[in-house]
Colleague: 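First, the structure itself, so that you have it in front of you.
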Amino acid sequence: MKKFNKILIANRGEIALRVMRTAREMGIQTVAIFSEADRNSPHVRFADEAVCVGPPPSNQSYLLGDKIIQICKDLNVDAVHPGYGFLSENADFSRKVSEAGLIFIGPSPESIELMGDKLTSKHTVAQYNIPMVPGTSDAVTDRIEAKQKSKQIGYPVLIKASAGGGGKGMRVVENEADFDEQMDRAVSEAITSFGNGAVFIEKYITAPKHIEIQVLGDKHGNVVHLFERECSIQRRHQKVVEEAPSSALTPEIREAMGQYAVMVAKACNYYGAGTVEFIVDENLDFFFLEMNTRLQVEHPVTEQITGVDLVKEMIWIAEGKPLSFAQKDLKINGHAIEIRVCAEDPRNNFLPDVGTLHTYLRPQGNGVRVDDGFEQGMNIPIYYDPMIAKLITYGKDRNEAIDKMTRAIDEFKISGIETTLQFCKFVMKHEAFLSGNFDTRFIGLYFTPEKLNEMEKKDEEMIAAVLASYLLNHNKIVNSSESTVGIALQDSAWRANRLKYKS
Ligand code: ADP
């Protein structure tokens with residue numbers, strides 16, 4: 001067992017800070033890396049040491065594995081935490097880290113390889129009778145054969161890139177007439193995004209829920225699961241609201257999914273934190289989708305309901321410690337929700353927005369956690385993921401977590417850039433979300449920019465009414481930029497200007 005003195009976090013923004021905070025609590029020193037675009041980022045200031053790795057584009061900075069390993073050697077670093085994205089699921093990098101005598105805080109390169117490719121991962125778990133979405137078990141290249149297979153599977157089908165991730169290289173095909181066109185698109189997107197054009201075909205589940213299980217395994221063969229996360233509110237096949245537990249699962253299904261997830265992890269000798277993703281249909285039948293061999297963006301909801309610090313566990317596992325708890329010690333307490341506050345415009349198909357955070361005031365209070373990597377006045381760089389913050393609320397039950405989330409969204413003041421905040425408030429208030437009866441079609445079925453405008457108009461009318469009564473009662477003008485009313489006014493003024501400018 002090796003106790004770490006110093007770790008390097010090969011990432012940026014909120015996840016770099018998230019990892020560093022736990023490291024500091026554990027008495028471990030931290031090294032940040034940063035690109036020229038992130039020179040003034042909070043993660044750089046928080047770290048004990050920080051090194052610039054290059055110009056803004058990731059392939060000239062955060063993806064330079066060899067350079068990062070050299071920095072580790074120069075600074076006497078014991079281990080590397082990759083966060084998510086960038087090098088986190090890069091088996092070559094994790095192998096080179098070990099070869100350099102360092103420890104990769106994550107799974108073995110072999111596990112990453114087995115699970116990094118969707119088809120290979122299906123083959124790996126096939127022996128365990130884990131339910132799979134009906135589909136081809138190998139890559140398809142021949143169109144005629146592919147069409148025959150799709151007919152057997154039954155339309156609609158989904159063409160997926162085997163090396164895929166981030167919702168890319170995925171195409172729904174409604175009927176045979178559209179097959180050729182969608183196949184061409186899927187293959188070319190797979191080549192551009194992943195340098196690998198292999199695609200396979202799956203039955204398209206028409207009203208699916210995305211439910212995933214968090215697992216933790218140590219280097220001694222122990223694996224436990226930490227229950228599920230429900231991640232069905234998605235745009236472009238990507239999550240935007242997550243919660244734990246899922247209100248749809250029965251205790252029996254939860255138990256079964258948990259056990260299957262542990263089997264998947266064992267199938268690839270997994271250690272570290274990982275996530276086994278399932279798709280669940282209307283009858284609550286579930287099917288294995290893939291395993292993500294890293295810490296997920298949405299891990300905080302699991303931390304809130306289990307009381308387990310996943311980063312601390314990852315570090316202990318990497319040091320060689322056995323898990324300090326067994327499955328029977330884990331319980332679900334309360335309910336947690338996370339929203340991703342992204343620099344995106346929900347009124348414009350969730351396209352990334354650029355700009356400066358003119359106002360950036362975080363919500364606070366009981367049951368509110370904000371994991372972020374920005375401060376007021378900072379620019380959101382165009383080079384990276386457009387996520388500004390993760391807002392997490394925790395309550396004794398789902399209703400309390402939702403009420404806290406709505407309150408916290410209202411308290412979160414961001415101006416200068418379009419965000420997903422108000423869209424997430426729309427979700428919190430929607431009857432489908434409130435009832436728990438929703439699936440990945442949520443946005444397509446219920447959301448339009450007009451509905452967001454209606455909601456905001458109502459909110460503004462309410463603010464106006466509150467302001468009017470405030471002025472009547474206090475008989476004075478509110479001018480302070482610090483007061484809630486003052487900020488609400490500034491906020492509306494910015495939005496009105498922005499809309500005028502756009503139209
Ligand atoms: P990626 O690795 O690109 O994120 P996933 O396989 O994890 O891809 O799928 C992402 C999302 O795409 C899922 O959460 C789900 O919404 C949708 N999806 C994937 N497979 C299917 C399927 N067979 N039927 C319906 N939706 C699917």
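Counting starts at 1 for both ligands and their atoms, in listed order. Residue numbers run from 1 in the order of the sequence given.
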Colleague: Counting N and O atoms only, with roles assigned by atom type, does the side chain of Arg398 sit under 3.5 Å from a partner on the main chain of Leu434, one being a donor and the other an acceptor?
Modeller: yes

Colleague: Taking Glu290 first and then Lys160, would you say they form a salt bridge - that is, a charged N and a carboxylate O separated by under 4.0 Å?
Modeller: no

Colleague: For atom 26 (N) of ligand 1, state which one of Asn292, Ile279, Asp439 supplies the nearest heavy atom.
Modeller: Ile279

Colleague: For Lys203, which part has a heavy atom under 4.0 Å from ligand 1: side chain, backbone, both, or neither?
Modeller: backbone

Colleague: Using the rule side chain to side chain donor-acceptor pair (under 3.5 Å), only one of Lys239, His210, Lys209 pairs with Glu230; which is it?
Modeller: Lys209

Colleague: Phe433 vs Phe438 aromatic rings, parallel, tilted or perpendicular, using cut-offs 30° and 60°?
Modeller: tilted

Colleague: Looking at Phe374, does the NZ or CZ of Arg362 lie under 6.0 angstrom from its six-membered ring centre and within 45 degrees of the ring axis?
Modeller: no

Colleague: Against heavy atoms of Gln238, which atoms of ligand 1 measure under 4.0 Å?
Modeller: 4 (O)

Colleague: State which residue, out of Glu338, Glu277, Glu243, Glu298, fulfils the side-chain contact (heavy atoms from CB on, under 4.5 Å) condition with Cys231.
Modeller: Glu298

Colleague: Please list the nearest protein heavy atom to atom 9 (O) of ligand 1 with its residue and the distance rounded to 0.1 Å.
Modeller: Met170 CE, 3.6 Å

Colleague: Tell me which protein heavy atom sits closest to atom 15 (C) of ligand 1, plus the residue, atom name and distance to 0.1 Å.
Modeller: Gln234 OE1, 3.8 Å

Colleague: Any heavy-atom pair between the side chains of Gln327 and His225 that's under 4.5 Å?
Modeller: yes

Colleague: Do we see a donor-acceptor contact under 3.5 Å between the side chains of Gln234 and Arg236?
Modeller: no

Colleague: Please report which non-hydrogen protein atom sits nearest to atom 24 (N) of ligand 1, along with the residue it belongs to and the distance in Å to one decimal place.
Modeller: Ile205 N, 2.9 Å

Colleague: Using distance alone, decide if ligand 1 has a nitrogen or oxygen within less than 3.5 Å of any nitrogen or oxygen in Glu202.
Modeller: yes

Colleague: Give the residue, atom name and distance (to 0.1 Å) of the protein heavy atom nearest atom 2 (O) of ligand 1.
Modeller: Lys118 NZ, 2.6 Å

Colleague: Can you pull out the closest protein heavy atom to atom 14 (O) of ligand 1? Residue, atom name and distance to 0.1 Å, please.
Modeller: His210 ND1, 2.6 Å

Colleague: Below 3.5 Å, N or O to N or O, backbone or side chain included: is there any such pair between Gly167 and ligand 1?
Modeller: yes

Colleague: For ligand 1, which atoms, with element, lie under 4.0 Å from some heavy atom of Glu290?
Modeller: 1 (P), 2 (O), 5 (P), 7 (O)

Colleague: Please name the residue in the list Lys118, Arg171, Lys122 that meets the salt bridge (Lys or Arg N to Asp or Glu O under 4.0 Å) test with Glu202.
Modeller: Lys122

Colleague: To the nearest 0.1 Å, how far is atom 20 (N) of ligand 1 from its closest protein heavy atom, and which atom is that?
Modeller: Lys160 NZ, 3.0 Å

Colleague: What part of His237 sits under 4.0 Å from ligand 1 if we count only heavy atoms: the side chain, the backbone, both or neither?
Modeller: both

Colleague: What residue and heavy atom of the protein are closest to atom 22 (C) of ligand 1, and at what distance?
Modeller: Leu158 CD2, 3.5 Å

